[in-house]
Every structure is written in C-alpha cells, then in structure tokens.
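Structure first, then comments.
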2 protein chains.
Amino acid sequence: MDYPQPLVTVDAVLLTLRDGCLQVALHRRPAEPFRDRLALPGGVVHVDQDASVEAAILRVLLDKTGFRPRYIEQLGVFSGPDRDPRSWSVSIAFVALVPEAALTEATEGIFHFHSVDALPALAFDHGTIVAAAVQRLRNKTRYSTLPTQLLPQRFTLSQLQATYEAIVGHPLNKAAFRRKIEEEGVVVATDAYTQGGAHRPAQLYEARPVELFDRTIA
Amino acid sequence: MDYPQPLVTVDAVLLTLRDGCLQVALHRRPAEPFRDRLALPGGVVHVDQDASVEAAILRVLLDKTGFRPRYIEQLGVFSGPDRDPRSWSVSIAFVALVPEAALTEATEGIFHFHSVDALPALAFDHGTIVAAAVQRLRNKTRYSTLPTQLLPQRFTLSQLQATYEAIVGHPLNKAAFRRKIEEEGVVVATDAYTQGGAHRPAQLYEARPVELFDRTIA
DNA sequence: ATAATAGTGTCTATGAGACAGTATGCG
DNA sequence: CGCATACTGTCTCATAGACACTATTAT
C-alpha cells in the first residue's frame, strides 16, 4: 500500500455561448509550470476535505470563482509521467455548461474566453482536454437536451435553435426543430412573452431541470 | 505539492456473451478487504512502470490473465473516502468487450462469470461500476458498432443480430438489421461460408478494425 | 402599410418495420 | 423431397426536411 502515488487533480472545461459561438473559460497561470500560459480552472483533490472527485471540482470552482455550475459531468481521465513536469499526474476532467450571464457576472476579471475553434497553445495537455469536451458536447447534442443549459432560465425557441446551430455548426430546419423539441418534452412553455422589437413577440420557455451530475454516460 | 494523495487504482469490466446473455468476469478476492467477495480485476497504478492509466489497466490484465483485450475504453471515475476501507481512493474504471472464446481460454480458472442482470453483492462499489458499464454498452449499441467486438474474428449476420438482441433485450427486424449493418460499413464480407447443419450456409463477415482505446466519447 | 421575426400546414423524400417470398445446403 | 436457416423484394408507416404561408408587434 505504500507505492508512490500520482498527483490527482481535477480540471473543468467551462463552456458557454458568447457572440454566437462556443467559448471556453481559461485563466492565465500566475506561476510555473506553464507560467503565463492559459489553462483550465482546476486544482488538487484534497482527501481531507473532498467527499469525491465531483465534490473536489465543485470546491475548486467555488473557491476560484464563487460560482457553481448548473450542469457538470465527467469527461475523462488524462494521465502520464510528462503532462505535468512536476510529477506523474492524473487529471480528472469535467465539462460544465454555463449560461453566459451567470458566468461573466461571477467571474469578472478571472477568466479569458476563447472560441473553441481558435485556441492558442494551452498549458499542460489542456488543448486536448478542450477538444475532447467539444467533441462530447457535439455528439450529445444530437440526442440529448444539454444545450438548454447554455441559455438563461427563460428563452425563446429561436434562441434555443440558434444555440443548437452554433454547437453543431450548421443550420437546422425551423419546423422540424420545433416538432422535435416539442415531442421530446425538453422544455416547458411559460405564459410569458418577449417584448420590444418591431415584430411578433416570442413565447418564453424553460428547460426541464436535470441532475447536476449526470451518470447517463452515452 | 505535498498533500496526502488518494490511492489511484484501475479496474476493468470485462464483458462477454455466454449462453446468449451478457456476462461479466469477476474474481474472488483472496485477501482483505472484502475477502472472498467477487470483484472486478484491477490494480494500483505504478508511476514507475505505467505510461498512463490506459497502460496500467493493460498491464494489470496481462499480469493477471495473460490476456489483452481487443477493445477497451474509459468508463468513468469512482471515488471517495469510504469505497475502500484502507484509504481515500480513486478507481478509474474501464469497459472491455471480449469474445467468449478468447476470454475463457486465457483465463481458465481465474474468473467466474455472472450474468449482468443477476449479480451477487460485489466488493467495494463494483456493483455500481458494472451497472454503469452495462448502461454504457446498451446506449452505445444504439448508434455504434461495438457489439462486433463480442464475437470471434468471423461471424454470420445472424450471430451478429443475436448479439445485438442479447444486449438491447428485445428482438430486431431481420431485413432492417441487415440493411443498416450493410450501409454503415460495420462489417466486411469474406468469401467464406459456414458449413454443417441441414440448411443453407451463411456467409461469414469480419468486423472492421477499431482503435484499441476509443476516444469517441459519446 | 412595412419590416421583421414568430409560428404552422403540408408536401415530399427517406428510412425503419412487417412480412412474405425465394435460395440453398443437408439428411 | 422436405426441413431448417439464409437472404431479399416490397408494402406501409413514421419521421425529417423543404418551403411557403399566416400571425403579431413596433414604427
């Protein structure tokens, strides 16, 4: 039982929709290794504080940003002797989807946002981790209702469609999209409508609530 | 960087098809904790030997069973202070799909096989891990070609269909199944046929090869 | 009225399931 | 020849996309 153990860390890919494209929240590392490079928010698992790796990533996000995501799931484990120059390390990566407003309010000045399609070189193997997160989201978007988590509490069906389109990268058919959303019970209609703008107001919808940590692992 | 670190282990859910139903390979623990309880094959990550957690699980399987699976993927991380009475621990779980013949030859006398739908109480949280593995396989079976990995090198389309049916738990339409398999390019026809039996021989097919570690994470 | 976006009715093409038919080996 | 299983042709129904049409607000 007394082998040297790897360093166990947790990292989060916080995805949000800004300016109509999918962006990831990164911070600039203040210290070595990879000083001044952009990196995912993350930290070390504390066995004396954390009840699980899920609890650890929530603690890290809360400490760093005062912010708790509405949806987060395990992405995968990234490991090896060389990814962190300090030690053989294991990173347990998570993906979280966050509405833009919530994220930018809570993390003013902490995060830099970059479109996931045009990332600079990141610290560690964080570029690989972001790529895996985006691939996961794109795949799941085909058959799940995750993208609702990127929108504020109330949204219109046009906004929801634009969100799906930003993720999958191509336009969707309006009638078909609405039929599908309707029949899947993804969203709940409210009796509120948008106002303002020289056009017909749109009905507002809410996402059906989901589990914070989904174990429906594809 | 000198926090106490969790114990990092790797465990594998080896799934195979026996007697027409999905079964998992388990061994009886020879020592405490959970002595004499059935458990998943697994072991501790050795930072001086292993290049990654993937390398670690392959080493463990090779050492325990002399056997290397044709397909294996990360399932998820199971963690906490109580799942192993010795220490706060992290188990990185994998799912592997294995043809029955390969598995039983290599592991004669090492493993006990149990249908995944009628498991006894397992060591640690291994019951939870098996359930997650089965759920993952059932989900992926809907839109991927994984079940080919449960069959021997060459197989008939009827065998493949029976495999899918055993996994998803309900009968499939023959014509539709063949159309789909055909057009997806899942399998490659050989010019060999079965023989024996008082009926028309069936053409033999082979699975298109897949990556050992798939990162196509749903 | 016009512009602009919301929302719907309907035609069509594509794919899945049902089912019955044909094919071909062995005894 | 007849049985058992392999394989296929075709009908039907459900679903997805295309697209045009109506609806409703502010200016």
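Letters A, B, ... are given to chains in the order of the sequence lines, protein chains preceding strands, and every chain is numbered from 1.
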Using 4.0 Å as the upper bound for N to carboxylate O, is an ion pair formed by [Y] and [X]?
X: A:Asp36; Y: A:Arg28; answer: no
X: A:Asp84; Y: A:Arg29; answer: no
X: B:Arg178; Y: B:Glu183; answer: no
X: A:Glu184; Y: A:Arg179; answer: no

What nucleic acid atoms does [X] come within less than 4.0 Å of, heavy atoms only: base, sugar-phosphate, or nothing?
X: A:Gln195; answer: nothing
X: B:Ser158; answer: sugar-phosphate
X: B:Gly196; answer: nothing

When the nearest nucleotide of DNA chain C is assigned to A:Ala175 and to A:Thr194 on a heavy-atom basis, which residue is associated with the more 5' position? A:Thr194
Want to settle it: does B:Glu183 or B:Lys174 sit nearer the 5' end of DNA chain C, counting the closest nucleotide to each?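 First, find each residue's nearest nucleotide; the 5'-ward one identifies B:Glu183.
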Spacing between [X] atom [atom1] and [N] atom [atom2], to the nearest angstrom:
X: B:Lys180; N: D:dC7; atom1: NZ; atom2: C1'; answer: 20 Å
X: A:His170; N: D:dA18; atom1: NE2; atom2: C1'; answer: 16 Å
X: A:Ile181; N: C:dA6; atom1: CD1; atom2: C1'; answer: 16 Å
X: B:Leu172; N: D:dA6; atom1: CG; atom2: C1'; answer: 17 Å
X: B:Gln161; N: C:dA16; atom1: CD; atom2: C1'; answer: 14 Å
X: B:Leu160; N: D:dC7; atom1: CG; atom2: P; answer: 12 Å
X: B:Glu184; N: C:dG15; atom1: CD; atom2: P; answer: 12 Å

Taking the side chain of A:Ala202 as heavy atoms from C-beta outward, which of D:dA6, C:dG7, D:dC19 is closest to it?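 Looking only at side-chain atoms, A:Ala202 lies closest to C:dG7.
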Of the options C:dA6, D:dA26, D:dA18, whose atoms approach the side-chain atoms of A:Arg178 most closely? C:dA6
I want to confirm an ordering. Mapping B:Gln203 and B:His199 to their closest nucleotides on DNA chain D, which one lands closer to the 5' end?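 The 5'-side residue here is B:His199.
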Residue whose nearest DNA chain D nucleotide is more 5′ - A:Phe177 or A:Arg200: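 Per heavy-atom nearest nucleotide, the more 5' residue is A:Phe177.
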Given the structure, check if the side chain of A:Asn173 and the base of D:dA16 hold any donor-acceptor pair shorter than 3.5 Å.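 Under the 3.5 Å cut-off, the side chain and the base do not form any donor-acceptor pair.
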Do the side chain of B:Arg179 and the base of C:dG17 come within less than 3.5 angstrom through a donor-acceptor pair of N or O atoms? yes
Could you walk me through whether B:Thr190 and B:Arg154 pass side-chain contact (heavy atoms from CB on, under 4.5 Å), step by step? CA-CA 9 Å; B:Thr190 70; B:Arg154 295 186 158 191; 3.9 Å; yes
